[in-house]
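In what follows, every heavy atom counts, from backbone to side chain, and hydrogens, waters and symmetry copies are set aside.
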Amino acid sequence: MRRISDALQDVSEPGGPSIAVRVGCLPRMTKAVARGEYNGVSAGHLALIAAAAAYVVSPVDLLPEALVGVIGLADDAVVLAWLARTLTQDTDQFLEWERRRGDTIQGERLS
């Protein structure tokens, strides 16, 4: 739970990108990876993120809460913590890449 809290604090840092901005950049990041323009993450990494998101929202669990109680929440919490931290880091890097790319014209960086 601490990792989820840490990731949420990172997302809500003053001056940092909002959650809406981060979520909005995911399709652009996916397209840039598919086109080979952005190599900050791999297609496999994006697939792992999608699988983690699907697992968190899916009613099917490796450790069902109905059978093992609170321990059954642990697998969801671990996946959610990883997902929150990963999305925070990946979107930070991608948004920075987009910003730097906007400062470039025909392969030359503007000062």
message: Holding to side-chain hydrogen bond (donor to acceptor under 3.5 Å, both in side chains), I want the full list of residues that pass it with T91, two or more places apart in sequence or in another chain.
response: R22

- prompt: Under 4.5 Å between any side-chain heavy atoms of V33 and H45, yes or no?
  reply: no

task: Sorted by first residue and then second, give each salt bridge (Lys or Arg N to Asp or Glu O under 4.0 Å) pair with at least one member in residues 35-57; sequence neighbours left out.
output: R35-E37, E37-R101

Beyond-backbone contact of Y55 with D76, side-chain heavy atoms, under 4.5 angstrom: yes

task: Enter the distance from L26:CG to I49:CD1 here, rounded to the nearest 0.5 Å.
output: 7.5 Å

message: For Y38 and W97, take the angle between the two ring planes, folded into 0 to 90°, and tell me which bin it lands in: parallel under 30, tilted 30 to 60, perpendicular over 60.
response: tilted

- prompt: Of all heavy-atom pairs between M29 and L46, which one has the smallest distance, and what is that distance?
  reply: CE-CD2, 4.0 Å

field: Rounded distance [0.5 Å steps], OG1 in T86 versus CG in L48
entry: 8.0 Å

statement: For D92 and P17, the nearest pair of non-hydrogen atoms, with its separation, is OD1-CG, 4.1 Å

query: So which residues get pulled into L95's cluster when ILVMFWY side chains under 4.5 Å apart are joined, directly or through others?
result: V21

